[in-house]
Structures are given as C-alpha cells and as structure tokens.
Trainee: 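Sharing a structure here in structure tokens format.
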Amino acid sequence: MAITQTHELHKRRFGRNLGVALCLVGFMAIVFGLTIAKIRQGASMEAFDHQPRVSVTPPIEASE
Amino acid sequence: MTDATTNSTTHAAEGEAQFGDYVALLKPRVMSLVVFTAFVGLLVAPVSVDPMIGFTAILFIALGAGASGALNMWYDADIDRVMKRTAGRPVPAGKVTAGEALSLGLWLSAISVAMLALATNWMAASLLAFTIFFYAVIYTMWLKRATPQNIVIGGAAGAFPPMIGWVAATGSISLEAVLMFGLIFMWTPPHFWALALFMKSDYHKADVPMLTVTHGRRETRNQILIYTILLVPVALGLAFTPIAGPAYPAAALILNAIFLKGAWDIWRRDEAMAEADGYAVEKKVFRFSLLYLFLHFGALLVDAALRAMGGF
C-alpha cells in the first residue's frame, strides 16, 4: 500500500499549478523576447541615475 | 481520525477549479475572433512591425478581451444561470466563484494594458483600456439590461480590436482603422438579432431586453434589413482605401450581396413561416454572418500579401 494516497483534488490542484507555472514561464519569455526586440530596434536603454549626462540633458535654446 | 465530510457537493469547493475553468472564463471563442481581427489590423497597417512586438501586441489585445469576458461572466452570473446557452459557464456551473472571475478580470486587464503599452505605444494601450471599460461597464453593467439597443452600442467593444492592432503599428488612428471599426460595428446588430430570432425563449427568461421581446419579432426583422443595408456602404468603403487591393472589392461585393439577400429573405418571412421550417433561413443567415466577417478581413490579408509580393 502506498504511503501517500492521491485524491482527485490533488490532480486538479496539480493541473492548476502547472498551468500557472507555464503562464509565468511564458510571461518571462515574452518580457525577455520583447527586450531583445526593443534593443535590436535601437530603443534607448539609458536609465536615470542622478548623474548629469549629455544624452539626457535637454538642448539649450539659443538666446536672443 | 477520519477526514469525514457531510457536504456532498455536486460542484467544486472554492479554489478548486481546474486551469481549464479559468481559461473558459476568458471566452476563448470570442478571443479567437479578436486575435484574427487585431492581427489583420496590425498587418495591413503601412508600418512594418517586429515579429516579437507584433506577437506580444496581439497576445495582450486578446488577453485584454479575455479579461473583459471574465468581468462579464462575474457580473452576469445571475442571468447566465437562467439561460440555456450560458448555464454551463464556469460561474453558474459552480466551478469558479464570482469573486475569482472578478479578480482574474481585473488583474488580467491591468497586465494586458501595461504590457501593450510597453510593447507598442500608449495610444494602443489607452484604446485597449477603453475597450475593456466599454464592454465591462457600459455594455455589461448598464446597456445590456437597460435597452434593446444594447448590442448596437455594445457592439463597439467587439469592433475595437482591428483599430487597436492598427494603432499598435502606426501610433495613430486613420480612416482605414475607423472603417474596419465601422465594418464590425454595423455587422453586429444583424448578426445578433438573427441569433435572437431563433433563440427566443432564452433572453426572455433572463429578462434581458432583446429587440425580439421589447419591440416584437416583426420589428426585429425590419431592423435586421435596415442595418444590413447600412452595413453595405461601410463594407464597400474600405475598397477605396490604400489597404484594399483586387481581392477586397471582389469579396466585399459578393459577400454583401449574399448578406443583403439573406436579410431580405428574413424580412419577407413571418413567424408562421419561420416556425414551420424551424427558423432555417434565420439560422443560415446567422451562420453566414460569421463567414461574412471572417472573409472580409481575410480578403484584406490577401491584399496585404499581394502588396508585399509586389503584386500591385
């Protein structure tokens, strides 16, 4: 006799947990793929780090 | 010590639904139509989209539509229970609680809108958010139980996906996107009212003000013909835009002629004739209406493919 007995409830929970796990893995894959696609397109990946940088400084408008 | 329970339920206890029950909350058949029309809207746009970005956009547009389906199932659990067509849905069948449907709908709405914004642009995400709000609040919570014009106005929710697909690619709305919206919007009333003619007792039992009940079946037949006549110029209008090629005008002419004939046949009949043959004409027109929409958007796809191959 098995030490643990499985119930139909356990199968349902396993199925549900497997579905959630696959959705999470899929979501991770989508975010990863989207990041690669955006970098390939040349999207700016600079973050704001409280340091002055030419690329994030607004252009100086010419004064009269 | 035994784990005895005296509660012999015929449905699952709370939190014990299967994964498939949660998927059913999203109305997968409606989602498939959304996927197709959004895909066409994205593909016929005159801007090329990275395949990964395009895939992500279509996925989250579809999930947004699924989220509004879950919110609809949460709110309409009471009338779904009464109608034969909907009694098997997860909430009335007791597989999923109404609270779970609400929770899934809200979270999926937020994730879909956020991900569409990150993948494409805020304009497309805003349109998706508005679509979800329109279907869940304006149609489900207000119009559906308040007026027989419910599906005329509420049909706008189903018309947004191709526009969202277009905006996801181009970042702006244009005449082509508005006409694709118009095609589905004007198609919705004859499609649903043909269904209502032969699903008569279901809506009446649930106290939903369908035109067949509030204004009678003769008036419903009149309105089907009127809306079909109004649909024709909208459908043919797309033929004069740059996204149409040789395939679309030909398909539109044939399909609209057939649909108009079907609406005319429905108009000419009365209830005695319809009951005598088991609503054969109404059922045939309803089935054709599904093909009508699919083939219109399919023709746009064919023209996009011809354009890509340098055909015209």
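Within every chain, numbering begins at 1; the chains are lettered A, B, ... in the order of the sequence lines, protein sequences first and strands thereafter.
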Trainee: Determine which residues belonging to residues 51-67 of chain B lie within contact range of chain A, meaning some heavy atom pair is under 4.5 Å apart, and list them by number or answer 'none'.
Mentor: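 Expected list: B:Met52, B:Ile53, B:Phe55, B:Thr56, B:Leu59, B:Phe60.
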Trainee: Answer with side chain, backbone, both or neither: which region of A:Phe27 has an atom nearer than 4.5 Å to a non-hydrogen atom of chain B?
Mentor: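 Only the side chain of A:Phe27 comes within 4.5 Å of chain B.
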Trainee: Do any pairs count as a salt bridge (charged side-chain N to carboxylate O under 4.0 Å, His left out) and have a residue in residues 46-58 of chain B, sequence neighbours left out, and if so which ones?
Mentor: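 Residue pairs with at least one partner in residues 46-58 of chain B: A:Arg40-B:Asp50.
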Trainee: What residues of residues 34-49 of chain B sit under 4.5 Å from chain A when only non-hydrogen atoms are counted?
Mentor: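 Listed by number: none.
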Trainee: Report, in residue-number order, which members of residues 103-119 of chain B are under 4.5 Å from chain A by heavy-atom distance.
Mentor: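 Residues B:Ile111, B:Met115, B:Leu118, B:Ala119 are the ones that qualify, each having a heavy atom under 4.5 Å from chain A.
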Trainee: Which heavy atom of A:Cys23 sits nearest a heavy atom of B:Phe19, and at what distance?
Mentor: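 It is SG-CZ, 3.7 Å.
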